[in-house]
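Numbered from 1 within each chain, the chains take letters A, B, ... in sequence-line order.
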There are 2 protein chains.
Amino acid sequence: MKIDAVAQRYQISAPTLRYYERQGLLGPVQRVHGVRDFCQADLDRIDFILCVKQCGMTLKEMKHFIDMYHQGDTTIDERLAVLQHQLSVSQQRQVQLAQSIEHLKTKIGDVRALQAHSQTK
Amino acid sequence: MKIDAVAQRYQISAPTLRYYERQGLLGPVQRVHGVRDFCQADLDRIDFILCVKQCGMTLKEMKHFIDMYHQGDTTIDERLAVLQHQLSVSQQRQVQLAQSIEHLKTKIGDVRALQAHSQTK
DNA sequence: CCTTGACTTAAAGTATACTTCAAGGCGTAA
DNA sequence: TTACGCCTTGAAGTATACTTTAAGTCAAGG
C-alpha cells in the first residue's frame with residue numbers, strides 16, 4: 001500500500017506519515033524503487049498510534065513504548081504499566097470532558113435566555 | 001484577589017494568567033499600586049476560559065467570542081452559534097475518546113495475555 | 001533605612017506536532 | 001523520448017500555548 005492510499009484510509013496527511021517514520025514511530029517502511037510500501041504490520045502500527053494519540057499520548061511517549069516493544073518480552077511489565085497509566089489518564093480526561101460539556105450546556109442555556117429576552121424587548 | 005491566589009485556586013500558573021490577559025481574554029484586570037486585583041467578573045471569565053478550553057476551544061476562538069461579547073446584544077446569535085458548534089465538536093470528541101478508550105482496553109488485554117504466556121514458559 | 005518577597009514588564013525561548021518548500025527520481029502512456 | 005504524476009529527501013517554516021529571563025517596582029517587617 002502506497003503512502004497516499006494509507007493517508008486516505010486513516011485520514012491523515014502523507015507528510016504526517018513520513019514524519020512519524022522519521023520520529024521512529026513507524027518502520028523503517030519497506031521501499032519498492034524508493035517508494036514506501038506499507039505492509040499490514042505498518043498499518044497495525046498506525047492504528048495503534050492513532051488510538052493512543054486519541055487517548056492523549058504524546059509522540060515522545062509512543063516512541064518510548066515502541067522502543068520497549070522492540071526490546072522484546074523483558075519490557076512487557078513496563079509496557080503494560082504505561083498502557084494502564086494511559087488508560088487511567090484518558091478516563092480522567094473523559095470525566096473532565098463530560099463535566100465541561102455539562103458546564104457548556106449551562107452557559108448555552110444562559111445565552112439562550114438572554115437571546116429570548118432581547119427579542120421580546 | 002492577587003494573581004498567586006487566583007493561580008492556586010484554578011491550578012494554573014501566574015504567568016499563564018498574565019499571558020491570558022495579554023491575549024485579550026481577560027480584563028484589563030484592575031491594578032492596585034500596579035499589582036493585579038482580580039474581581040469576581042475576572043474569576044467568572046477564568047472559569048469560562050477553563051471550561052471552553054477543556055471543551056477544545058483554542059485561545060484564538062475564545063478571543064473572538066470575548067470580542068463579540070464586548071460588542072453587546074447584536075452578537076448574541078453568533079455567540080450562541082459558536083457555543084453550540086463547540087458543544088457539538090466536544091460531543092464528537094467525547095464519542096471518539098470513548099471508542100479509543102475501549103480500543104486501548106482491548107490492547108491492554110492483549111498485552112496481559114502475552115505477559116501471562118511469557119510467565120508460564 | 002534597608003532587605004525581603006511578591007509582584008510588574010517586555011521579550012525571548014521552549015515544546016509539540018506538523019506543514020511547506022525546493023530539488024529531484026522513477027515508471028508509464030503518448 | 002518526453003511529459004505527467006506520484007513519489008522521494010532534508011531542511012526550514014508555522015501554529016499553539018505557554019514558560020523563562022532579565023530588569024525593575026513597591027509595601028511591609030526588622
Under the side-chain contact (heavy atoms from CB on, under 4.5 Å) rule, what do R45(B) and L25(B) come out as? Steps first, then yes or no, please. CA-CA 8 Å; R45(B) 175 65 61 78; L25(B) 302 181; 5.8 Å; no
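- Scanning for ring-ring contact (aromatic ring centres under 6.0 Å, His included) contacts around F65(B) gives F48(B), with sequence neighbours left out.
- In this model, the phosphate group of dA17(D) is not approached by any side-chain N or O of T16(B) to a distance below 4.0 Å at OP1 or OP2.
- Of all the heavy atoms in Q54(B) and S100(A), the pair that sits closest is CB-OG, 3.0 Å.
- Sorted by first then second residue, the salt bridge (Lys or Arg N to Asp or Glu O under 4.0 Å) pairs that include residues 21-34 of chain B, not counting sequence neighbours, are E21(B)-R31(B), E21(B)-R36(B).
- Note: E78(A) CD to Q71(A) CD = 8.5 Å, rounded to the nearest 0.5 Å.
- Taking atom CD1 of I12(A) as the reference point, atom P of dC18(C) lies 8 Å away to the nearest angstrom.
- Near DNA chain D, meaning a heavy atom under 4.0 Å away, the residues from residues 19-26 of chain B are Y19(B), Y20(B), R22(B).
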For nucleotides 2-4 of chain C, give me every protein contact, N/O to N/O, under 3.5 Å, one pair per line with atom names.
none

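- Only at 4.0 angstrom or more do the heavy atoms of residues 41-69 of chain B sit from any atom of DNA chain C, so none qualifies.
- The phosphate of dC18(C) has neither OP1 nor OP2 within less than 4.0 Å of any side-chain N or O from S13(A).
- In the model, D44(A) has a side-chain atom that pairs as donor or acceptor with a side-chain atom of Q40(A) under 3.5 Å.
- The two residues R112(B) and L80(A) come nearest to each other via the heavy atoms CG-CD2, 3.8 Å.
- S13(A) places a side-chain N or O within donor-acceptor distance of the main-chain N or O of T16(A), the cut-off being under 3.5 Å.
- With contacts defined as side-chain heavy-atom distances shorter than 4.5 Å, the pair R9(B)/F38(B) does not qualify.
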Taking it one step at a time, do V82(A) and M57(A) satisfy side-chain contact (heavy atoms from CB on, under 4.5 Å)? CA-CA 10 Å; V82(A) 166; M57(A) 193 180 277; 4.0 Å; yes
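- The stretch residues 30-40 of chain B touches DNA chain C through R31(B), G34(B), V35(B), R36(B), each having a heavy atom under 4.0 angstrom from the strand.
- For S90(A) against L104(B), the heavy-atom pair with the smallest separation is OG-CD2, 4.5 Å.
- Judged by distance alone, with hydrogens and angles left aside, the side-chain atoms of Y20(B) form no donor-acceptor pair with the main-chain N or O of L59(B) at under 3.5 Å.
- One can place CG of L17(B) at 15 Å from C1' of dA6(C), the figure rounded to the nearest angstrom.
- In the set dT8(D), dT20(D), dT9(C), the nucleotide with an atom closest to the side chain of R18(B) is dT9(C).
- Panel note: side chain T106(A), backbone E102(A); a donor-acceptor pair is recorded below 3.5 Å.
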